[in-house]
Amino acid sequence: LNLLADISLTPSNYNVDMDLELNGADLYGLNFSAKRLRTQFSFNAVFEGKPENFELQSKLTDGTIVLDDQAYPMGGMELALRVLPDSTDFSIQSNVLNGFLQSNVSPGETYKGLSRHFNGYFLDSASLSKEQVSRLVNVEMDFTIPSTLLLQRVILPGLKEMEEGSIKMTFNEKESKLDGRVNFPYLSYSGAVLDSLDLNVLSDSANFDFDFGVMALSFGRLAIGPTYFSGEVLENQLYVNFNALHEEEVLANIDFDLGFGKDSMRLHVNPEGLIFNKLKWEVSDKNAFLLTEKKVSFEDFKFSRGEQLVAFGNDSGENSFDLNFNDFRLKTFTSLLNPEEVLAEGLVNGVIKIENPFGATGLQADLSVQDMALLKVPLGNLALEASGNDQKNYDFDLRIKDKGVDLDLTGGFVADPLGARLNLALDLNKFELDMLEGLTAGAINDGNGFISGKFKVGGSASEPIYSGNMSFNE
């Protein structure tokens, strides 16, 4: 290692000129990396100014990273950043990111200008008039993320394949114009495959329009087809359409609008064209969901089709809300995650009540799921009962019976803002091993017999502690 540096520090100005020749470093041996990485490179950096007003120029050359005895060239990297009260200029050329960002104000004022622009469509009181702003913001940004071996093998080792992605935006606050796009044509990462992700935002003084969509997203048993969000702002209301397709047929369609207050949000679902699992559903035109900092409330928020019903509600004055089910089929919603394979099914009846949702959350329930199955594997009938009368101490009883699983989870919990404190007993009376073939898509097969065990569950809901024993039975 060779380092040559010229440093001058005064209260009003910092000057640093540095040249570094790193002929070799074992990053794994130095505990800088959990991977067996070695590297070498030449690096030059010049910094002049103060943290709020400076210029930085840096250059990396002759860089190589060795991972598990395989060398990957880093290529050259040139980075320039200048931050002044009246401008921000950033540019980079490298094997990982290429592009630039330019603004006529500092980074902090750039963010404020973009916030004013977006808030102006929803919160009249939150946005300043242009006459009150000392310097209106102009921004131009254009970045690309190339597909390189360095990115795939070293930086993101789970990245199997990728086509070049891009992020672009132009913004003129004076004319209230913003044009932005995020595009990733193809990406395969850690078993997930994303095809054609595209986000577009276009706005001016009169309109705000956006669309977001993917052609396909798959991960394990999840297989989502063409799925799109599109929307516009009219009179401080955001109107959104969600649309999912399966083989050119509408799998789901939801039109809803959002209104924003300073500390609140109101959502309304349009009953026209409401579709779940390719079937028409109904909801009152007077439905509403209101979210504030400390409360959730619902008005006529009930979705039905024939005898099927899922309804949200709450009693006035109570810090709680209810979720009611009547003959509700689980596959109605799970079909969105894979319309060609039933991920979960069962007939749901009963009610769940969530108490104190923004604090020490409690649960009251009287719920059943008949003929519950995962991936077409019958698990049994589920029954859940939970009760409490002081919004602190609760009794809990969950049972699954009659098919491949025989399970009892009983006891209680104490509501706590940091996570419910658990005192539960889990009796796994039977888990038939031949179910694993269906649950693991054939990764485990020819199972016979069953598993049984008894466990104590303590700790908190966020950090549970298990203790007990398990046995395999013929």
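In what follows, residues are counted from 1 in the order of the sequence shown.
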Tell me whether [X] contacts the main-chain N or O of [Y] through its side chain, where contact means a donor paired with an acceptor under 3.5 Å.
{"X": "K35", "Y": "V154", "answer": "yes"}
{"X": "D263", "Y": "E293", "answer": "no"}
{"X": "N270", "Y": "E272", "answer": "yes"}
{"X": "N98", "Y": "S94", "answer": "yes"}
{"X": "D416", "Y": "L418", "answer": "yes"}
{"X": "N253", "Y": "G273", "answer": "yes"}
{"X": "N381", "Y": "D371", "answer": "yes"}
{"X": "H268", "Y": "D285", "answer": "yes"}
{"X": "N207", "Y": "E232", "answer": "no"}

| task | I would like to know whether N356 and Q391 meet side-chain hydrogen bond (donor to acceptor under 3.5 Å, both in side chains); could you show each step before the answer? | result | CA-CA 8 Å; N356 197 19; Q391 293 200 351; 5.4 Å; no
Classify the ring geometry between [X] and [Y] as parallel (under 30°), tilted (30 to 60°) or perpendicular (over 60°).
{"X": "F289", "Y": "F298", "answer": "parallel"}
{"X": "F413", "Y": "Y394", "answer": "parallel"}
{"X": "W281", "Y": "F328", "answer": "perpendicular"}

Measure across [X] and [Y] and return the closest heavy-atom pair with its distance rounded to 0.1 Å.
{"X": "I145", "Y": "M162", "value": "O-CE, 3.2 Å"}
{"X": "M215", "Y": "Y228", "value": "SD-OH, 3.3 Å"}
{"X": "K456", "Y": "A425", "value": "NZ-CB, 4.2 Å"}
{"X": "M435", "Y": "V405", "value": "CE-CG2, 3.6 Å"}
{"X": "Q364", "Y": "S387", "value": "OE1-CA, 3.5 Å"}
{"X": "L424", "Y": "G412", "value": "CD2-N, 3.5 Å"}

Any side-chain heavy atom of [X] within less than 4.5 Å of one from [Y]?
{"X": "T440", "Y": "N445", "result": "no"}
{"X": "N393", "Y": "V414", "result": "yes"}
{"X": "K278", "Y": "E249", "result": "yes"}
{"X": "L37", "Y": "T39", "result": "no"}
{"X": "F303", "Y": "L274", "result": "yes"}
{"X": "L422", "Y": "P464", "result": "yes"}
{"X": "L347", "Y": "R329", "result": "yes"}
{"X": "F312", "Y": "V296", "result": "no"}

| task | Verify side-chain contact (heavy atoms from CB on, under 4.5 Å) between D257 and L238, making sure each step is shown before the conclusion. | result | CA-CA 5 Å; D257 55 90; L238 175 62; over 6 Å; no
Can you confirm whether [X] is buried at [atom1], in the sense that more than 12 heavy atoms of other residues, nucleotides or ligands lie under 6.0 Å from that atom?
{"X": "F32", "atom1": "CZ", "value": "no"}
{"X": "K401", "atom1": "NZ", "value": "yes"}
{"X": "Y111", "atom1": "OH", "value": "no"}
{"X": "K280", "atom1": "NZ", "value": "yes"}
{"X": "E282", "atom1": "CD", "value": "no"}

Charged N to carboxylate O under 4.0 angstrom, [X] versus [Y]?
{"X": "K430", "Y": "E432", "answer": "yes"}
{"X": "R36", "Y": "D69", "answer": "no"}
{"X": "R38", "Y": "D26", "answer": "no"}

| said: Run the side-chain contact (heavy atoms from CB on, under 4.5 Å) test on R266 and L290 for me, step by step, so that the C-alpha distance in whole Å, both residues' side-chain angles and the decisive distance to 0.1 Å come before the verdict. | reply: CA-CA 5 Å; R266 183 183 185 276; L290 181 64; 4.1 Å; yes
Roughly how far, to the nearest 0.5 Å, is [atom2] of [Y] from [atom1] of [X]?
{"X": "N243", "Y": "F229", "atom1": "CG", "atom2": "CZ", "answer": "10.0 Å"}
{"X": "Q152", "Y": "L150", "atom1": "CD", "atom2": "CG", "answer": "10.0 Å"}
{"X": "D195", "Y": "L217", "atom1": "CG", "atom2": "CG", "answer": "10.0 Å"}
{"X": "D408", "Y": "R399", "atom1": "CG", "atom2": "CZ", "answer": "4.5 Å"}
{"X": "E345", "Y": "T334", "atom1": "CD", "atom2": "OG1", "answer": "8.0 Å"}
{"X": "D204", "Y": "H117", "atom1": "CG", "atom2": "NE2", "answer": "8.0 Å"}

| query | side-chain hydrogen bond (donor to acceptor under 3.5 Å, both in side chains) between N448 and D434: does it pass, once the steps are laid out? | reply | CA-CA 5 Å; N448 59 75; D434 60 2; over 6 Å; no
| Between F450 and F431, is the gap from one ring center to the other below 6.0 Å? | no
| task | Before giving the answer on side-chain hydrogen bond (donor to acceptor under 3.5 Å, both in side chains), spell out for T144 and S166 the whole-Å C-alpha distance, their side-chain angles and the decisive distance to 0.1 Å. | result | CA-CA 4 Å; T144 58; S166 62; over 6 Å; no
| task | Starting from the C-alpha separation in whole Å, work towards a yes-or-no answer on side-chain hydrogen bond (donor to acceptor under 3.5 Å, both in side chains) for D198 and N183. | result | CA-CA 5 Å; D198 206 34; N183 176 254; 3.1 Å; yes
| said: Between F210 and V240, does the side-chain contact (heavy atoms from CB on, under 4.5 Å) criterion hold? Intermediate values first, please. | reply: CA-CA 9 Å; F210 78 92; V240 181; 4.2 Å; yes
| query | Do you see a donor-acceptor pair shorter than 3.5 Å between the side chains of T148 and N95? | reply | no
| field | L178: which of T170, L202, L114 passes side-chain contact (heavy atoms from CB on, under 4.5 Å) | value | L114
| Of L251, T227, V250, the residue whose pairing with L245 passes side-chain contact (heavy atoms from CB on, under 4.5 Å) |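 With L245 as partner, L251, T227, V250 yield a single side-chain contact (heavy atoms from CB on, under 4.5 Å), made by V250.
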| request: List the steps and the verdict of side-chain contact (heavy atoms from CB on, under 4.5 Å) for N349 and Q370. | output: CA-CA 8 Å; N349 284 280; Q370 184 180 351; 5.6 Å; no
